Amino acid sequence: MKLTLAEVEHIAELARLSLADEEKARYQEQLSAILDYAERLQTLDTSSIPPTATVLPLRNVMRPDEPRDSMSREDVLANAPQVEADSFRVRAVMD
Amino acid sequence: MTQAVTLHELTLHESLDLMRRGELTSAELTQAVLDRIVQVENQVQAYLTLAPEWAMDQARQADERRAHGDADGRTPLLGVPLAIKDVLCVEGLPCTCGSLILEEFVPPYSATAVERLRAAGCVILGKTNTDEFAMGSSTENSAYFTTHNPWNLARVPGGSSGGSAAAVASGMALGALGTDTGGSVRQPASLCGVVGLKPSYGRVSRYGLVAFASSLDQVGPLARTVRDAALLLSVIAGHDPRDSTSMPLPVPDYASALSSDGLSGIRIGMPREYFTPGMQMEVSDAVRAAIEVMRGLGAQVREVSLPHTDYSLPVYYLVAPAEASANLARYDGVRYGLRVDAPEGMWETYRQTRGAGFGREVKRRIMLGTYALSAGYYDAYYLKAQQVRTLIKADFDAAFREVDVIACPTAPTTAFKIGEKADDPLQMYLSDVFTLSCNLAGICGISLPCGFDGEGLPIGLQIMGPAFGEETILRVAHAYEQATEWHTYKPKIPADSELAQVPAD
């Protein structure tokens, strides 16, 4: 199965990745080859097999809801590429 | 101290014995390892960040603590210099994950595994190279440089924990932490001739490990002997309230579980699907010979079958990228990391930040994972892969009803040449074909040296055990190691000045 260029562009859009034309062409080839390889899974009948999302027997791990100290604002902002008014600076969400 | 041993070649437990007897200080040991780094790091390039001054401070503090009798019980690893893979947070040191998108990131806290090592008295030397976000099998996907295999500098060290494996193999650390999502501790251990252990899923906290594939990632030790790996595992293992997927189970003293009683009563399974015609003959011969050694130590050996082995690679390369595409959505240039501001606004800023910050393999996996999770394809790819994952796990459950451990090769080949597979993702993915199933099933596995090929490159033996069966795989690995000498060989790394004369491989 070969992905179309439009499909590659659609996936890149979903993933919010800007790709150069040369990258799109490369991923079109490589993703198609990997998906072809994955086709072998379709030969197995799994209609009655439950999916494994986690191997652990744990479900809904709870802890007491107790207030604790959190990190200082300074530490939280220390790695931010842009800070303004003691906050993360973001681009306008709406025009 | 005056004696013939080369300090940087000591094993972790040998160095601890010497320090306990007062014959060696952590400052002497740490300085010796830092000197070794000066000697060979230029050739091997294992470290992304080195902290020599901080390391010496930690070493002197360790010596003071020992002088005050504050040792052993609470600080079982007091004064031992270690390296940490650069996907694990160490407070105050950069954590790049081998990616440009985190080039400037300095975490404000440490991973639980790192915190536990620090509390046990370890000295942290620095952060080791990795494929970007641990995605790769050679360290060639690091955005910074490729680490070289200490046994042959023209070869890859394996990956993604290639920096940690190369550092341990070349005497630039006595042990290290790596992470293993599909073989990233065991495969580089195999290619570099050291011991690497992937704990069962849930054995070690993932808090402070930068997430790649959350249902598969585990932190594991790399070391020069099985006993050293056991010492490290005993410290890092255990429940952590900050990781809801860490199991609330007691942690055995893994080192004291190692016995010298041979292997009588141990049943070893050889999976027929792991000895395939396509693999390097010297690898399968060495692993078969290793299994004969274990039979000679009293183990019963029988063939077992893991019939869904052929599906583990496609399952892994749908599940892991799907989880990665979700985990890596957080890199948007707002809270940390690179930001490329685009005049067009918010969405284009996200696109360009991620387009510029991620490398080829990471983008490839984000694309693959996004596709596998997208509307219309979720059932055919992601759900299907999760169902086949159930079958792969069931294969192991059935095998472990018949045998105690499974023995097989760690990787189908010895270290390949730098550049050889760099442009062929499927070929690169195949180097993990014998290690991925272990992560999908959540079980534990260890790789240890079992020979060399005709070119002098190390071969790894993998021993897998059931979930939380670390004591058994360590016991079997230790018995084999004690009966052989492979772990005593050291690579001869040419001095920097001789590099020009190394023939092209």
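These numbers come from a predicted model, not from an experiment. Order of the sequence lines sets the chain letters (A, B, ...), proteins ahead of strands, with each chain counted from 1.
Looking at Ser246(B), the atoms closer than 4.5 Å to chain A (heavy atoms on both sides) all sit in the backbone: N, CA, C or O. Both the backbone and the side chain of Gln352(B) have a heavy atom closer than 4.5 Å to some heavy atom of chain A. Neither the backbone nor the side chain of Leu328(B) comes within contact range of chain A; no heavy atom of the residue lies under 4.5 Å from a heavy atom of that chain. Of the two parts of Ser374(B), only the side chain, counted from C-beta on, holds a non-hydrogen atom closer than 4.5 Å to a non-hydrogen atom of chain A. Proximity to chain A (any heavy atom under 4.5 Å) is restricted, for Tyr377(B), to the side chain, taken from C-beta onward. Proximity to chain A (any heavy atom under 4.5 Å) is shown, for Ser325(B), by neither the backbone nor the side chain. Looking at Leu318(B), only its side chain comes within 4.5 Å of chain A, counting heavy atoms on both sides. For a residue to count as touching a neighbouring chain, one of its non-hydrogen atoms must lie under 4.5 Å from one of that chain's; by this rule Tyr382(B) does not touch chain A. The contact between Asp341(B) and chain A is made by backbone and side chain atoms together, counting heavy-atom distances below 4.5 Å. Neither the backbone nor the side chain of Ala372(B) comes within contact range of chain A, judged by heavy atoms closer than 4.5 Å.
Looking at Tyr336(B), its side chain never comes within 3.5 Å of a backbone N or O of Val76(A) through a donor-acceptor pair. Using a distance-only test at 3.5 Å, with no hydrogens or angles considered, a donor-acceptor pair links the side chain of Thr390(B) to the main chain of Thr52(A). Using a distance-only test at 3.5 Å, with no hydrogens or angles considered, no donor-acceptor pair links the side chain of Gln387(B) to the main chain of Pro51(A). Between the Arg91(A) side chain and the Ala342(B) main chain, a donor and an acceptor come within less than 3.5 Å of each other. The backbone N or O of Ala15(A) lies less than 3.5 Å from a partner atom in the side chain of Arg354(B), making a donor-acceptor pair.
Side-chain contact annotation: Asp424(B) with Gln30(A), donor-acceptor N/O pair under 3.5 Å absent.
Per-residue heavy-atom pair counts under 4.5 Å with chain B were compared for Met71(A), Arg63(A), Glu7(A), Gln42(A), and the maximum is reached by Gln42(A).
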